[in-house]
Amino acid sequence: MKQNRILRLSKVLAVFLFLCFGVACLILLLGFSTLFFKKSSFHIQPNVPTGIVFFNVAIGRPNEMSATAKQIAAVLTMLLTLPPWMALYYQAGSYFSLLSEGTSPFAAPLIKKMRLVNLLLYISAILPVFVWPMLQWAFSGRLELSLVLSDTLFMAIILTILIEIFRYGAELQHEIEETV
């Protein structure tokens, strides 16, 4: 009974994550298409440090980007930072698909998928910290950097710990199978 509930929940999570992947693809296409239409607008807010801010420093003249430069920087930021999230949704969805098929959470393929999801989570947390400031510097000559422990980075650290627990559980399961 409990395993059936877990399998159903895994299927629902897999469908939800694949849906998030589809929405991310749609946002990417809409944002990219705004470059080709003169009267269109696609606005992405610059990376605002959220979480525990260790420092925030700005170097250069005040931000004087034109509207076109801001739009190009925003679309480039989206093109560079959205693909890791898309891959993350896809890999997490495939993880839950495998889990819903009845695969043990301590199986090597699932642990490998968890590691890939974790890597993508780290990339998704760290990439925006560097992409927007570099594009802002390229278009306006102002460099603004922040060192922040964001929620996403904190989740990646927690997931790293969980992966090591699952890896250890897989080793124990392998030793028990060898003993029997």
Side-chain angles (χ1 to χ4, degrees), residues 5-28 31 42-59 63 73-100 103-138 142-173:
R5 189 172 147 237
I6 291 171
L7 292 177
R8 262 195 328 261
L9 180 62
S10 296
K11 286 179 184 177
V12 168
L13 285 173
V15 168
F16 174 73
L17 289 168
F18 283 126
L19 180 68
C20 289
F21 171 73
V23 168
C25 288
L26 182 64
I27 290 171
L28 186 65
F42 189 81
H43 184 69
I44 297 176
Q45 293 293 329
N47 186 29
V48 178
T50 58
I52 301 171
V53 180
F54 294 108
F55 76 87
N56 188 10
V57 63
I59 303 167
N63 195 359
V75 170
L76 285 174
T77 300
M78 182 194 59
L79 290 174
L80 293 172
T81 58
L82 195 56
W85 281 105
M86 293 166 57
L88 176 81
Y89 292 142
Y90 180 80
Q91 291 299 327
S94 65
Y95 172 83
F96 284 111
S97 291
L98 282 173
L99 196 60
S100 68
T103 308
S104 168
F106 298 107
L110 284 178
I111 293 175
K112 188 175 179 180
K113 281 237 182 262
M114 283 176 69
R115 284 187 168 175
L116 182 58
V117 166
N118 193 34
L119 174 68
L120 290 168
L121 199 56
Y122 274 115
I123 291 170
S124 299
I126 294 172
L127 196 60
V129 173
F130 295 107
V131 169
W132 179 257
M134 291 302 144
L135 288 172
Q136 185 182 24
W137 175 71
R142 180 180 172 88
L143 182 62
E144 191 170 332
L145 294 172
S146 299
L147 180 61
V148 178
L149 177 62
S150 67
D151 301 338
T152 309
L153 188 58
F154 187 70
M155 286 187 327
I157 292 167
I158 297 297
L159 186 58
T160 302
I161 294 167
L162 286 174
I163 288 170
E164 289 306 311
I165 292 169
F166 275 87
R167 193 178 58 77
Y168 181 69
E171 288 175 11
L172 289 177
Q173 186 177 20

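For this chain, numbers begin at 1 and follow the sequence in order. Atoms considered below: every heavy atom in the structure, side chains included; atoms not considered: hydrogens, waters and symmetry mates. Everything numeric here is computed off the predicted structure, so don't read it as measured data.
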Could you list the donor-acceptor pairs under 3.5 angstrom formed by side chains in residues 104-113, with sequence neighbours left out?
| residue | atom | partner | partner atom | Å |
| --- | --- | --- | --- | --- |
| Ser104 | OG | Phe106 | N | 3.1 |
| Lys113 | NZ | Gln91 | OE1 | 3.0 |
| Lys113 | NZ | Ser94 | OG | 3.3 |

Can I get a per-line list of side-chain donor-acceptor pairs under 3.5 Å for residues 157-164, giving both atom names and the distance, sequence neighbours left out?
| residue | atom | partner | partner atom | Å |
| --- | --- | --- | --- | --- |
| Thr160 | OG1 | Asn118 | ND2 | 2.8 |
| Thr160 | OG1 | Tyr122 | OH | 3.0 |
| Thr160 | OG1 | Ala156 | O | 2.8 |
| Glu164 | OE1 | Arg167 | NE | 3.0 |
| Glu164 | OE1 | Arg167 | NH2 | 2.6 |

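Screening residues 15-25 for salt bridge (charged side-chain N to carboxylate O under 4.0 Å, His left out), with sequence neighbours left out, gives no hits.
Listed for the Thr81 side chain is no donor-acceptor partner under 3.5 Å among the backbone atoms of Pro128.
Residues passing the side-chain contact (heavy atoms from CB on, under 4.5 Å) test with Leu19: none are found, sequence neighbours excluded. Scored by the side-chain contact (heavy atoms from CB on, under 4.5 Å) test, Pro84 finds Ile123, Ser124, Leu127 as partners (sequence neighbours excluded). Not counting sequence neighbours, the partners of Phe21 by the side-chain contact (heavy atoms from CB on, under 4.5 Å) test are Cys25, Met86, Tyr89, Tyr90.
Closest non-hydrogen pair, Leu98 versus Thr103, comes out as O-OG1, 3.0 Å. Across all non-hydrogen atoms, the minimal contact from Ala125 to Ser150 is CB-OG, 4.3 Å.
Using a 4.5 Å cut-off on side-chain heavy atoms (C-beta onward), Leu135 and Phe130 make no contact.
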